[in-house]
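Reminder, nothing fancy here: chain letters follow the sequence lines and each chain counts from 1.
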There are 2 protein chains.
Amino acid sequence: MPLLLLKDLPRYECLLEAAKSFPDLDPSATEVFLNLLRTGDEVFRVADQNLAQHNISQGRFTVMMLLLDKIENCPQPRTPAELADMAGVARATMTGLIDTLERDALVKRAPDPVDRRMMSICLTAKGEALMHTILPAHFQIMAKLMAPLSEAERKTLVRLLTKVLQCAGELAVPGGASPAGPAVAIKAPAAH
Amino acid sequence: MPLLLLKDLPRYECLLEAAKSFPDLDPSATEVFLNLLRTGDEVFRVADQNLAQHNISQGRFTVMMLLLDKIENCPQPRTPAELADMAGVARATMTGLIDTLERDALVKRAPDPVDRRMMSICLTAKGEALMHTILPAHFQIMAKLMAPLSEAERKTLVRLLTKVLQCAGELAVPGGASPAGPAVAIKAPAAH
DNA sequence: GGCGCATAGTTAGGAGGCTAACTAAAAGCG
DNA sequence: CGCTTTTAGTTAGCCTCCTAACTATGCGCC
């Protein structure tokens, strides 16, 4: 539950009024902007409530998801740097996440035998078991959240969101463009 | 920049594959879910980058926005409790926000003369000036972010998001329903 | 009038974000 | 070979979010 946003979104007429004072204010753009952030926040909250029951934050969940994917797909280790890049957080943040996950015996650090600067992170049996406990409910929640939308509406929503996402990507700090590696996470588990 | 999410969203085929292992996984629902959170996060980031240049976080911005609204509309004071409710954060969080805002001379605390438990928070001249410096760029960013969407697409997007938001509201902790007070913030400034 | 409860705000402690600075190891290069 | 640069990870310090506990004030009610 991280974000801080207006609990009650302003009515559209208020935006129209406000636009009189601020010529730069685009009422319909503002409306979409606020709704997007508000809805994202609320959806995040709902998903988080489930995870929190198992003392798992969204950050911890993402890390464990990436490691679970590793177990079920590829034997090569994950380093903290790799995890940080995939999750989109700073390396220092990943260090902290791994610290608490390791404290709770959900993941393990092991030094890389070849390059002694590197570490290998992997799920413990406990961590893997926890994921298999949590995931079904997590998937059900996502399904419930989107239940009011028809398949056609879902496609439309994704299409519109993608437009905005692309635009946001271009608007973000001009220097920080990543050439987009292969898609990660929830990658087709083979066994199981 | 608070949220932690997958930087690269999984491809749809991967979700289909994963669904074979997890019967609860609804691929299209998951796709919308991930896109929604990812887009919300990215849009948030872009808006935050602008505010951060003035050393203003989203939380601080929301508080100052609520106080600015007060100045331009109604003379009655805002208490920390009121601000916390409107912003949707815990009161302790609001105390912290006001602490740092007051330290930076952007807002002022004043004791309520009638009820000595209460405080009145208001913007300083410096805080108000800062807001009028920041807002035009902020509005422009929202407009740019939504530029790729036509008016019709914006309406559709808001409609779909609202459906999800309602659903999420119903799915959230059963006990925590707020009867939705009047819309707040960016409420039609009269002068200016 | 005073006891107990409700309310406003703060304090304390924890988690997870960030940047910047640091250590250690590897790699590049004259 | 040895010096510099790059890279991996951690550490330190800050901010914002949370819950739980605490203080002080106001209010209801006998």
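In this structure, the side-chain contact (heavy atoms from CB on, under 4.5 Å) partners of B/Ala81, at least two apart in sequence or on a different chain, are B/Thr79, B/Arg91. Not counting sequence neighbours, the partners of B/Asp26 by the side chain to side chain donor-acceptor pair (under 3.5 Å) test are A/Arg154, B/Ser28. Every residue two or more places apart in sequence or in another chain was checked for a side-chain contact (heavy atoms from CB on, under 4.5 Å) with A/Ala92, and none qualifies. Looking at residues two or more places apart in sequence or on another chain, you find no salt bridge (charged side-chain N to carboxylate O under 4.0 Å, His left out) involving A/Lys108. Applying the side-chain contact (heavy atoms from CB on, under 4.5 Å) criterion to B/Glu102, with sequence neighbours excluded, gives B/Val107, B/Arg109. With sequence neighbours excluded, the residues that form a side-chain contact (heavy atoms from CB on, under 4.5 Å) with B/Ile56 are B/Leu51, B/His54, B/Arg60, B/Phe61, B/Met64, B/Leu106, B/Leu130, B/Ile134.
Whole-Å rounding puts the A/Gln49 CD to D/dT19 P distance at 11 Å. Nucleotide C/dC18 holds its P atom 17 Å from the CG atom of B/Leu51, rounded to whole Å. The CD1-C1' distance, from A/Ile56 to C/dG16, rounds to 13 Å in whole Å. The distance between atom CG of B/Leu101 and atom P of D/dC17, rounded to the nearest whole Å, is 11 Å. As a whole-Å value, the separation of A/Asp104 CG from C/dG14 C1' is 13 Å. Distance CG (A/Asp112) to C1' (C/dA24): 14 Å, rounded to an integer number of Å. Rounded to an integer number of Å, the gap from CG of B/Asp48 to P of D/dC15 is 15 Å. Here the C1' atom of nucleotide D/dT7 and the CG atom of A/Asp85 are 12 Å apart, to the nearest Å.
For residues 133-145 of chain B, there are no salt bridge (charged side-chain N to carboxylate O under 4.0 Å, His left out) pairs, not counting sequence neighbours.
Summary of the strand contacts: A/Val114 and A/Arg103 both lie near DNA chain C, and taking for each the nucleotide with the nearest heavy atom, the more 5' one is attributed to A/Arg103.
If one axis is set at each end of the helix from C/dG1-D/dC30 to C/dG30-D/dC1 from five pairs, those axes are 10° apart, to 10°.
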Summarise protein proximity over nucleotides 6-12 of chain C in one line of letters, 5' to 3': B for base, S for sugar-phosphate only, - for none, counting protein heavy atoms closer than 4.0 Å.
BBSSBB-
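Distances shown here put a side-chain N or O of A/Ser57 below 4.0 Å from the OP1 or OP2 atom of C/dG16.
Counting only distance, with no hydrogens or angles, the side chain of A/Thr100 and the backbone of A/Leu97 share a donor-acceptor pair below 3.5 Å.
A single hydrophobic cluster is not seen to contain both A/Leu83 and A/Met118; linkage of ILVMFWY side chains at heavy-atom distances under 4.5 Å, directly or through other members, places them apart.
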